[in-house]
Amino acid sequence: LPAVLLMGCGATKSDLGGAIGTGAGSGKSTLFLEDRQWGRLVDVFDGDGLLVEADVVIREAVQSDGVLYTLGLNPITQRESLTISASSSTSTFTTAFSDATSGLSSLQSKAFDEPAPFTKVARNGSVKLIFSEFLDPATVDRQTLQVLIGTSEENFQSLEIRYVVKEGIGQDGQPKGIGILDPTVS
């Protein structure tokens, strides 16, 4: 089986950018990769049919249950969606959204030359990279963050993916840069 390798996760703050100021999220502290997770990439809608957030990584185990969650696929864009049956202003929606987005599967960190086994990710799974500070979306591309596929160093090829950059706040209350790698480019 081919291996997928993420390159560039050790990029410097000047490579991936940051905001102006001091401390985390400022571009003046050391940028590093804090966590690697994977799941299913969806657009989230509420029970009123309103788009709440695009490009959200949810647990791969979330399924349509006919009560709270409905998964769908847009036949034109081929984008997956998750509809939470409650209105987005309710605590039911907030709890369901939190449940769907928490507990993502982690990706094992390994050096380039370490032997298998490697973390397995579903073919249509998206990888969520969480960085120690905000990322400048204009600087995240196939030059600064490479995804390579192959069975050995001699035959690695660049995988065509879509990059999604978001900002978030970590559980520690600090700004986080989030890079989502979406391999399902159509």
Side-chain angles (χ1 to χ4, degrees), residues 1-19 23-42 55-63 79-80 82 98-186:
L1 292 173
V4 175
L5 178 67
L6 297 172
M7 302 293 291
C9 291
T12 67
K13 63 182 180 234
S14 60
D15 291 335
L16 294 176
S26 67
K28 296 192 185 273
S29 60
T30 304
L31 174 69
F32 62 92
L33 181 62
E34 290 187 352
D35 200 4
R36 301 145 308 281
Q37 305 168 337
W38 76 273
R40 177 186 295 157
L41 190 65
V42 298
D55 296 319
V56 176
V57 180
I58 63 170
R59 284 182 290 110
E60 74 279 5
V62 173
Q63 299 293 321
R79 289 177 63 104
E80 289 189 69
L82 172 66
S98 179
D99 288 347
T101 56
S102 63
L104 297 175
S105 297
S106 292
L107 293 172
Q108 184 180 23
S109 179
K110 288 193 136 188
F112 180 73
D113 56 355
E114 286 186 69
F118 301 100
T119 305
K120 294 178 182 172
V121 175
R123 185 174 66 163
N124 65 341
S126 292
V127 174
K128 180 179 180 179
L129 303 174
I130 302 172
F131 290 89
S132 60
E133 62 179 274
F134 293 152
L135 304 174
D136 178 354
T139 63
V140 178
D141 58 28
R142 62 185 332 179
Q143 299 299 315
T144 58
L145 189 60
Q146 296 178 356
V147 179
L148 305 175
I149 188 167
T151 55
S152 70
E153 189 174 348
E154 291 78 37
N155 71 358
F156 280 136
Q157 297 176 359
S158 182
L159 182 64
E160 184 65 32
I161 63 170
R162 181 173 71 103
Y163 297 94
V164 178
V165 178
K166 293 186 165 201
E167 296 177 352
I169 301 295
Q171 292 180 345
D172 59 1
Q174 297 297 311
K176 304 295 177 196
I178 299 169
I180 300 171
L181 311 177
D182 177 15
T184 56
V185 176
S186 52

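These numbers come from a predicted model, not from an experiment.
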Problem - Donor-acceptor contact below 3.5 Å, side chain S126 vs main chain D182 - result: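 Not a single qualifying donor-acceptor pair exists.
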Determine the minimum heavy-atom distance between [X] and [Y], stating which atoms define it.
X    : Y    : value
Q174 : D172 : N-OD1, 3.0 Å
P183 : L159 : CB-CD2, 4.4 Å
T119 : S106 : CG2-O, 3.6 Å

Problem - Of V57, L107, I130, the residue whose pairing with Q37 passes side-chain contact (heavy atoms from CB on, under 4.5 Å) - result: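 Considering V57, L107, I130, a side-chain contact (heavy atoms from CB on, under 4.5 Å) with Q37 is found only for I130.
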Problem - The single option from I180, V127, L181, I58 passing side-chain contact (heavy atoms from CB on, under 4.5 Å) against L41 - result: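 Answer to the side-chain contact (heavy atoms from CB on, under 4.5 Å) test with L41 among I180, V127, L181, I58: I180.
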Practice task
Verify the neighbour count for atom CD of E114: are there more than 12 heavy atoms of other residues, nucleotides or ligands below 6.0 Å?
Solution key: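 Result for CD/E114: enclosed.
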Return the [atom1] to [atom2] distance between [X] and [Y], rounded to the nearest 0.5 Å.
X    : Y    : atom1 : atom2 : value
E133 : E34  : CD    : CD    : 10.0 Å
T144 : Y163 : OG1   : OH    : 7.0 Å
R59  : S105 : CZ    : OG    : 9.5 Å
K176 : I169 : NZ    : CD1   : 8.5 Å
I161 : Q146 : CD1   : CD    : 10.0 Å

Handout entry: Ion pair check, D55 and K128, cut-off under 4.0 Å
Key =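 Salt bridge: no.
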Handout entry: Contact check, side chains of L82 and R40, non-hydrogen atoms, under 4.5 Å
Key =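 They are not in side-chain contact.
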